[in-house]
Amino acid sequence: MLDLYGQKFSSRLLIGTARYPSLPVMQEAVKASGAEIVTVSVRRENAGGKDGDTFWNIIRELNVKVLPNTAGCYSVEDAVSTAELARELFNTKWIKLEVLGDKATLQPDVVGTLEAAKILLADGFEVFPYCTEDLTVAKRLADAGCKVVMPWGSQIGSGKGIIHDEALKRIRAELPGISLVIDAGLGVPSHAAKALEMGYDAVLLNTAVAGSGNPVRMAKAFAQAIKAGRAAFESGMMKPREIAQASTPVVGTPFAKPANAS
Amino acid sequence: MQKAAVQNRTAIALTVNGERRSMHARSLRELLAELELEGDFFAIAVNRHVVTRARWNEASLNDGDSVEIVTPRQGG
């Protein structure tokens, strides 16, 4: 079971709710994904006050756990204030912490992320920090009290998959007690399977499903890949070899010459 | 407070969701009515401090206050 701050989940997929062709498609895709957790945001209300209600009613019908984010925040102050609004709005201690450092790459400001994480943890939040593949940052976040750490696979919305394998494997090896989630950059189900095979506890994705040709089918495809990847990890995978090793037994091969034949 | 009574007050300058506005409301409940926001799911911060729903009637607004009114939205 996936353990996130003491709560257990059978699905290892956290799915975003943005960028779908429509709200009904989003709702169907979330159902098809089997995800028990969805990410949401808080945004200024400017349109008469009904848009938020419409969206929120659809989320409530899904009967899933909500993980609000601080997406779009470029300072510690903004991220902390947004987290406080999210806690009030969604009545949850969970917060996906994003403190961004660069508008082109949406790369996390890891220094600001650590600072904000400390403030929020001290205030009783359960923080899900979005970070890079940097080992020291991941360790510092865990040391600060984060029970979940979420390094990127690649840039948000890029669909490039996992491009820092070695660094991410190192984080997995060094933080055995932390629930690790690959957040951002996944494009196709095989990327998600790879994350689970690497021993990551879960993946968080959005655009790969929402921006696909058929979000509902793609959601199901990701669910299957994630199950496959986790089963492979739990089964214990073979070690790669430098050279070939016949899988079919050699002994008794028809027409073979005896080993001592000249 | 009745709408007319609210309108008869002197306006104060508020920043509402980043926009400078001249408003008559003195509480958050009055502000929501004055803005004609009809939804149910808001969270509100005044000068970056969250004001819980239970305090929307009593919390007073002052000239120069900055108010953020947010709702749930799609997110990744």
Side-chain angles (χ1 to χ4, degrees), chain A residues 14-20 22-23 26 38-60 66-72 77-78 80-91 96 98 106 130 156-157 183-184 204-211, chain B residues 1-3 6-7 11-62 64-76:
Chain A
L14 289 71
I15 195 161
T17 55
R19 294 182 167 272
Y20 293 83
S22 69
L23 286 176
M26 181 271 283
V38 299
T39 52
V40 295
S41 70
V42 298
R43 286 291 177 263
R44 285 171 166 169
E45 180 57 79
N46 284 319
K50 292 288 192 187
D51 288 2
D53 282 25
T54 307
F55 172 68
W56 186 231
N57 285 332
I58 282 175
I59 294 299
R60 287 199 304 185
V66 167
L67 174 59
N69 68 29
T70 64
E77 189 186 26
D78 285 355
V80 169
S81 297
T82 302
E84 287 166 354
L85 280 167
R87 177 167 63 181
E88 167 70 7
L89 192 57
F90 298 108
N91 192 27
K96 175 185 164 181
E98 286 186 34
L106 300 178
Y130 164 60
I156 293 176
D183 176 11
L204 196 168
L205 55 92
N206 190 152
T207 312
V209 167
Chain B
M1 177 120 12
Q2 293 300 307
K3 202 169 182 178
V6 172
Q7 290 299 329
I12 53 172
L14 297 177
T15 303
V16 181
N17 284 349
E19 204 178 308
R20 291 270 294 175
R21 302 185 69 146
S22 182
M23 305 300 295
H24 298 274
R26 292 292 187 277
S27 75
L28 290 177
R29 187 69 70 186
E30 288 172 4
L31 181 65
L32 290 175
E34 196 172 355
L35 293 168
E36 297 183 335
L37 292 180
E38 293 172 353
D40 288 321
F41 299 102
F42 300 115
I44 305 179
V46 178
N47 302 329
R48 284 187 176 269
H49 294 288
V50 170
V51 180
T52 56
R53 181 175 282 266
R55 294 185 53 240
W56 287 357
N57 283 321
E58 59 188 76
S60 61
L61 289 168
N62 297 298
D65 280 349
S66 182
V67 184
E68 292 283 338
I69 304 171
V70 298
T71 58
R73 283 298 161 79
Q74 293 90 328

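Lettering follows sequence order; numbering is per chain, from 1.
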Q: To the nearest 0.5 Å, what is the distance between CZ (B/Phe41) and OG1 (A/Thr54)?
A: 10.5 Å
Q: Need one label for A/Asp78: side chain, backbone, both or neither, based on atoms under 4.5 Å from any heavy atom in chain B.
A: both
Q: Tell me, side chain or backbone of B/Val67 under 4.5 Å from chain A's heavy atoms, or both, or neither?
A: neither
Q: For A/Asn91, is it the side chain, the backbone, both, or neither that has a heavy atom closer than 4.5 Å to a heavy atom of chain B?
A: neither
Q: Donor-acceptor pair, B/Thr71 side chain versus A/Glu45 backbone, under 3.5 Å?
A: no
Q: Report the C-alpha distance between B/Arg73 and A/Ser41 in whole Å, list the side-chain angles of each, state the deciding distance to 0.1 Å, and finish with yes or no for side-chain hydrogen bond (donor to acceptor under 3.5 Å, both in side chains).
A: CA-CA 5 Å; B/Arg73 283 298 161 79; A/Ser41 70; over 6 Å; no
Q: May I have the step-by-step check of side chain to side chain contact (heavy atoms under 4.5 Å, CB included) for B/Arg48 and A/Glu84, ending in yes or no?
A: CA-CA 9 Å; B/Arg48 284 187 176 269; A/Glu84 287 166 354; over 6 Å; no
Q: Side chain, backbone, both or neither: which part of A/Leu14 has an atom under 4.5 Å from a heavy atom of chain B?
A: neither
Q: Taking C-beta and beyond as the side chain, do B/Pro72 and A/Leu89 meet within less than 4.5 Å on heavy atoms?
A: yes
Q: Ignoring hydrogens and angles, tell me if any N or O in the side chain of A/Asn69 forms a donor-acceptor pair with the backbone of B/Gly76 under 3.5 Å.
A: yes
Q: Inspect the surroundings of CZ in A/Arg19 and state if more than 12 heavy atoms from other residues, nucleotides or ligands are less than 6.0 Å away.
A: no
Q: Would you mind checking which part of B/Ile44 comes under 4.5 Å of any heavy atom in chain A, side chain (CB onward), backbone (N, CA, C, O), both or neither?
A: backbone
Q: So that I can tick it off, tell me whether B/Arg53 and A/Glu88 are bridged by a salt bridge, with the cut-off set at under 4.0 angstrom between side-chain N and carboxylate O.
A: no
Q: Mind ranking A/Ile156, A/Val80, A/Leu85 by heavy-atom pairs under 4.5 Å with chain B and telling me who comes out on top?
A: A/Leu85
Q: Taking the basic N atoms (NZ, or NE/NH1/NH2) and the acidic carboxylate oxygens, is any pair closer than 4.0 Å for A/Arg44 and B/Glu19?
A: no
Q: Chain B heavy atoms under 4.5 Å from A/Leu67: which part of the residue, side chain, backbone, both or neither?
A: neither
Q: So what's closer than 4.5 Å to chain B heavy atoms on A/Tyr20: side chain, backbone, both or neither?
A: neither
Q: Between A/Glu98, A/Glu77, A/Met26, A/Lys96, which shows the greatest number of heavy-atom pairs under 4.5 Å with chain B?
A: A/Glu77
